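Report on the following structure.
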Protein chains: 2
Amino acid sequence: MCCFEPSVSTGSGANRLRGLAQPMDIRQGRTVPIDPAKDFLVFVGSGTTKLIASASGGREQIVAFHFSGELVSVPVNAWHSYRLSALVQTEVLAFPAEDFLGIAVSEPVLQAELLRRTMTALHRCRDKAVGLGRKNAQERLASFLVGMADRIGIAEEGSCTLELPMSRRDIGDSLGLTIETVSRQFSELRMTGLIETSGRSRVLLRDIPALAERAGHV
Amino acid sequence: MCCFEPSVSTGSGANRLRGLAQPMDIRQGRTVPIDPAKDFLVFVGSGTTKLIASASGGREQIVAFHFSGELVSVPVNAWHSYRLSALVQTEVLAFPAEDFLGIAVSEPVLQAELLRRTMTALHRCRDKAVGLGRKNAQERLASFLVGMADRIGIAEEGSCTLELPMSRRDIGDSLGLTIETVSRQFSELRMTGLIETSGRSRVLLRDIPALAERAGHV
DNA sequence: CGTTAACTTGAATTAAGTCAACTGTCGTGG
DNA sequence: CCACGACAGTTGACTTAATTCAAGTTAACG
């Protein structure tokens, strides 16, 4: 459970935190059931989740993916309605944000960790916004792959293997593209030899610097 | 200087914070000069700023606007290069993020405020990502106007006046659109009677609920 | 009052979306 | 272990929203 767990499991605030949230098992494809009346902070103990925003007209945008040990802020009073959904069998702890923050005030180390994570999420979200606002389909997919390599890639000599837990639809919903466009861009990258794929979920990144170049990362 | 100033100006950490940053006056159109080797936290004392990300090919995406009393996190180790630029004559305090956070650990109230603000920024950024990923030009502009009304609008009976400090280019760079498309959408909204404009910067929002509807806010 | 840069409008182009048909993968049950 | 069915993914042809390029207008400042 990564670097967050120590803060949770020690100190006087830890017991108070435990009282706030029951551990929950979320089955693949299910939404984390949270009270729609307040903001939540959800800790992903194991598994993978996606944070989905719904706009009008049934359009959905995946705002972030989360892996074991990560913490997600799920807002409720926003312009769009958000929900957190499990990509695989996932264990979570869902804390009402206000209660969590109340406890964190008296636990500076916990609060500092929370702040650090929130800033990381903010910086990721900004980089994502740049991609959505100013990049073409090819750059978006390249950027996505490089980003995933960073988080869940298994490095090999000069290359990197990815086992993607999300479907092409999820990738499209994350990149602001249709499933068809994502597919075409996969084919394109395959054609140029930058990646290889096998089955639906395995991707081999053959040259990450070249992919980052193609992603338009400055 | 809003609700952040009290935290800065009282307590033992306040003096330490003051030692970290000289107040700076940034002239219209100039970039806040910060050491490109480390992350910064910039407090906007008065004025307005834009946080710009540069992707390859000279493309720019404005990631956020900031008004008096707000705090901006300017990252350096990200996929894109960021800079903070003044839309009008602006006073700022620029803190090296690491130093600021070091002091904040021993000032729970300051840290809590910082956390609260960072979460607000994250939630705004997510809503923005939804717009960039899944909305058409009309919805994006409507969303922008409603958002600005929320932050700097002068409410009147049933309507709201905006004095926009940013150009059409800035709006385009913020919405992931070209200046021409922004202009056409302004005309469109004018035509349908949802807004009136006078001069380059004044906008009258005649029906905010209708605009929010058109913005695709759920 | 004149100049200049910001903004607007129009016509042609293009990247991505849509619609439709086809193919491959993977889990199930014979 | 293999065959089948269902669904995920791919590919192609056509459409469309937004961009690009170009030519006016208008607002703001000296």
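It should be emphasised that the depicted structure is a prediction, and the values quoted were computed from it without experimental measurement. Chain A is the first sequence line, chain B the second, and so forth, proteins listed ahead of strands; every chain is numbered from 1.
- Applying the side chain to side chain donor-acceptor pair (under 3.5 Å) test to residues at least two apart or on different chains, the pairs with a partner in residues 182-195 of chain A are A:Gln138-A:Gln185, A:Arg190-A:Thr197.
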Protein N or O to nucleotides 2-8 of chain D N or O, pairs below 3.5 Å:
residue: D:dA8; atom: O4'; partner: A:Arg200; partner atom: NH2; Å: 3.4

Show me the side-chain donor-acceptor pairs of residues 24-37 of chain A shorter than 3.5 Å, one per line, residues at least two apart or across chains.
residue: A:Asp35; atom: OD1; partner: A:Ala37; partner atom: N; Å: 2.8

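- Considering only residues two or more places apart in sequence or on other chains, A:Ser73 meets the side-chain hydrogen bond (donor to acceptor under 3.5 Å, both in side chains) condition with B:His123.
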Please report the C-alpha distance between B:Glu156 and B:Arg206 in whole Å, then the side-chain angles of each, then the deciding distance to 0.1 Å, and finally whether the salt bridge (charged side-chain N to carboxylate O under 4.0 Å, His left out) criterion is met.
CA-CA 10 Å; B:Glu156 288 155 16; B:Arg206 309 204 53 170; over 6 Å; no
Review item, nucleotides 12-17 of chain D N/O atoms under 3.5 Å of protein N/O:
residue: D:dG12; atom: N7; partner: A:Arg184; partner atom: NH1; Å: 3.0

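- Each of A:Gly199 and A:Val182 was matched to the nucleotide of DNA chain C holding its nearest heavy atom; the match closer to the 5' end belongs to A:Val182.
- The CZ-P distance, from B:Arg59 to D:dT19, rounds to 13 Å in whole Å.
- Under 3.5 Å, the side chains of B:Tyr82 and A:Asp127 contain a donor-acceptor pair of N or O atoms.
- With a heavy-atom cut-off of 4.0 Å to chain B, the contacted part of DNA chain C has its first and last nucleotide at C:dA5 to C:dA11.
- Under the salt bridge (charged side-chain N to carboxylate O under 4.0 Å, His left out) criterion, A:Arg168 pairs with no residue, sequence neighbours left out.
- Atom pair A:Leu177:CG and D:dG9:P shows a separation of 15 Å (rounding to whole Å applied).
- Considering only residues two or more places apart in sequence or on other chains, A:Asp99 meets the salt bridge (charged side-chain N to carboxylate O under 4.0 Å, His left out) condition with none of them.
- Taking for each of A:Arg134 and A:Phe186 the nucleotide of DNA chain D with the nearest heavy atom, the 5'-most of the two is the partner of A:Phe186.
- Between B:Arg59 and A:Glu139 there is a salt bridge, since at least one side-chain N of the basic residue sits less than 4.0 Å from a carboxylate O of the acidic one.
- The salt bridge (charged side-chain N to carboxylate O under 4.0 Å, His left out) search around B:Arg124 returns none, not counting sequence neighbours.
- Salt bridge A:Asp173/B:Arg134: present, at least one basic N to carboxylate O contact under 4.0 Å.
- Across all strands shown, A:Arg202 has no heavy atoms under 4.0 Å from either base or sugar-phosphate atoms.
- Every residue was checked against the side-chain hydrogen bond (donor to acceptor under 3.5 Å, both in side chains) condition with A:Ser81, not counting sequence neighbours, and none meets it.
- If one axis is set at each end of the helix from C:dC1-D:dG30 to C:dG30-D:dC1 from five pairs, those axes are 50° apart, to 10°.
- A ring-ring contact (aromatic ring centres under 6.0 Å, His included) check over residues 189-218 of chain A, counting only residues at least two apart or in different chains, returns the pairs A:His217-B:Trp79, A:His217-B:His80.
- Here B:Arg83 pairs with B:Glu60 in a salt bridge; the nearest charged N to carboxylate O distance falls below 4.0 Å.
- Residue A:Gly176 is in sugar-phosphate contact alone, with no base atom involved, counting any heavy-atom pair closer than 4.0 Å across all strands shown.
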